[in-house]
Amino acid sequence: MRVATWNVNSLGARWPRVAHWVREHSPDVLMIQETKQSDDRFPYAEFAELGYESAHLGQGQWNGVAIVSRVGLRDVAPGLAGDDEARHIAATCGPLRLHSCYVPNGRALDDPHYEYKLRWLDSLRDALAARDESERTVVAGDFNVAPSDLDCWDPAALAGQTHVSEPERRAIGEIEATGLIDLARELHPSEPCFTWWDYRRSSYARDWGLRIDLVLVDAAVAAASTACWVDRAEREGDKPSDHAPVVLDLDEQRLS
DNA sequence: ATGTCCCAACTTTTGGGA
């Protein structure tokens with residue numbers, strides 16, 4: 001079974017690449033962030049032609065999250081309690097309970113948006129702490145936090161900025177403490193595994209990246225996982241998103 | 001050169017967000 005997460009930075013602008021990527025890589029489930037679409041513009045029919053059911057929580061110009069699946073899609077839960085932005089959607093697809101997350105950026109440490117980001121992460125933690133432990137859980141998406149210095153191209157250059165602050169990293173740690181494993185880091189303890197590169201300053205060519213797109217899984221999913229990898233090729237070529245997809249491959253037989 | 005890309009709109013240029 002293959003599950004992927006991808007911040008597409010506008011599904012409208014990225015549709016040709018998304019459709020091509022889905023055909024090439026055949027994910028069973030794709031979690032999408034930053035669709036930047038209202039629900040009435042979401043390409044439900046186009047995904048259906050590719051064999052996928054879709055659940056979308058849209059907002060319009062900003063945010064927007066989705067889960068598309070070819071292995072069933074039920075018990076859709078759009079939105080995080082108390083949040084009025086389109087940043088979280090959960091659904092059950094086959095044997096997995098999946099959460100597609102788009103964590104607030106934070107903007108700057110002294111910006112009110114940063115406080116919103118920390119509160120949002122606390123809300124996600126609370127929702128995950130209350131989950132049904134019998135469900136096999138995958139929490140994935142754009143967390144806008146680099147959990148450690150290994151996840152940064154130059155930690156010194158980022159000092160004093162969002163994405164690397166101690167409160168943000170602590171909030172990620174508290175989410176993991178609900179019983180979730182940062183799978184890319186678990187399987188690749190010494191590789192950076194960047195997932196995002198700024199469009200500016202030729203950042204991709206210089207490999208000035210961050211690992212901010214995470215796949216957090218419970219112990220049962222971790223035990224069944226055979227790979228967790230970043231599709232850097234998707235960050236190249238014409239009109240890429242600034243994020244690359246992160247792919248989780250698992251052996252469904254080992255999910256007991 | 002706060003350097004690029006994407007969106008909306010009092011839309012053909014500007015401002016907000018990442």
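Throughout, protein chains are lettered first and strands after them, A, B, ... in sequence-line order, and every chain is numbered starting at 1.
Rounded to whole Å, the separation between the P atoms of dA1(B) and dT13(B) comes to 23 Å. Separation of the C1' atoms belonging to dC7(B) and dT12(B) is 16 Å when rounded to the nearest angstrom. The P atoms of dC10(B) and dG16(B) are separated by 14 Å, rounded to the nearest whole Å. When the C1' atom is used for both dC6(B) and dT11(B), the distance is 15 Å, rounded to whole Å.
Straight-line distance from the NE2 atom of H243(A) to the P atom of dA18(B): 11 Å, rounded to whole Å. dG17(B) atom P lies 18 Å from atom OH of Y199(A), rounded to whole Å. Atom CG of L11(A) and atom P of dC7(B) are 10 Å apart (whole Å). Rounded to an integer number of Å, the gap from K36(A) NZ to dC5(B) P is 13 Å. Summarising the geometry, the separation between NE2 on H163(A) and P on dG17(B) is reported as 15 Å, rounded to the nearest angstrom. The CD atom of Q37(A) sits 14 Å away from the C1' atom of dA8(B) (whole-angstrom rounding). Rounded to an integer number of Å, the gap from W208(A) CH2 to dG3(B) P is 14 Å. The nearest whole Å value for the distance from the CG atom in N63(A) to the P atom in dC6(B) is 17 Å.
Both D242(A) and R206(A) lie close to DNA chain B; mapped to their nearest nucleotides by heavy-atom distance, the more 5′-ward contact belongs to R206(A). Taking for each of N144(A) and R201(A) the nucleotide of DNA chain B with the nearest heavy atom, the 5'-most of the two is the partner of R201(A).
Comparing dC5(B), dA18(B), dC7(B) against the side chain of H113(A) picks out dA18(B) as the nearest. Here the side chain of N105(A) is nearest to one of dC5(B), dG15(B), dA18(B), namely dA18(B). Among dC6(B), dG15(B), dA18(B), the nucleotide with an atom closest to any side-chain atom of Q61(A) is dG15(B). Closest to the R41(A) side chain, of the nucleotides dA8(B), dA18(B), dC5(B), is dA8(B). Candidate nucleotides dA18(B), dC6(B), dA8(B) were compared by shortest atom distance to the side chain of N9(A), and dC6(B) ranks first. For W62(A), taking side-chain heavy atoms from C-beta onward, the closest of the listed nucleotides dC6(B), dA18(B), dG17(B) is dG17(B). Minimum atom distance to the side chain of S10(A) is reached by dC7(B), of the listed dG17(B), dG3(B), dC7(B).
At a threshold of 4.0 angstrom between heavy atoms, the contacts of Y204(A) with the nucleic acid are absent.
L150(A) is not connected to W208(A) by any chain of hydrophobic side-chain contacts under 4.5 Å among Ile, Leu, Val, Met, Phe, Trp and Tyr, and they are in different clusters.
Residues Y114(A) and W120(A) keep their aromatic ring centres 6.0 Å or farther apart.
For K239(A), a side-chain nitrogen or oxygen approaches OP1 or OP2 of dC6(B) to under 4.0 Å. Residue R107(A) places at least one side-chain N or O under 4.0 Å from the OP1 or OP2 atom of dA18(B).
Residues L180(A) and I175(A) are in side-chain contact: their nearest non-hydrogen atoms beyond the backbone lie under 4.5 Å apart.
Between the side chains of T92(A) and R74(A), no donor-acceptor pair is found at a separation under 3.5 Å.
Using a 4.0 Å cut-off between a side-chain N of Lys or Arg and a carboxylate O of Asp or Glu, R170(A) and E166(A) qualify as a salt bridge. R232(A) has a carboxylate O that lies under 4.0 Å from a charged side-chain N of D207(A), or vice versa, which qualifies the two as a salt bridge.
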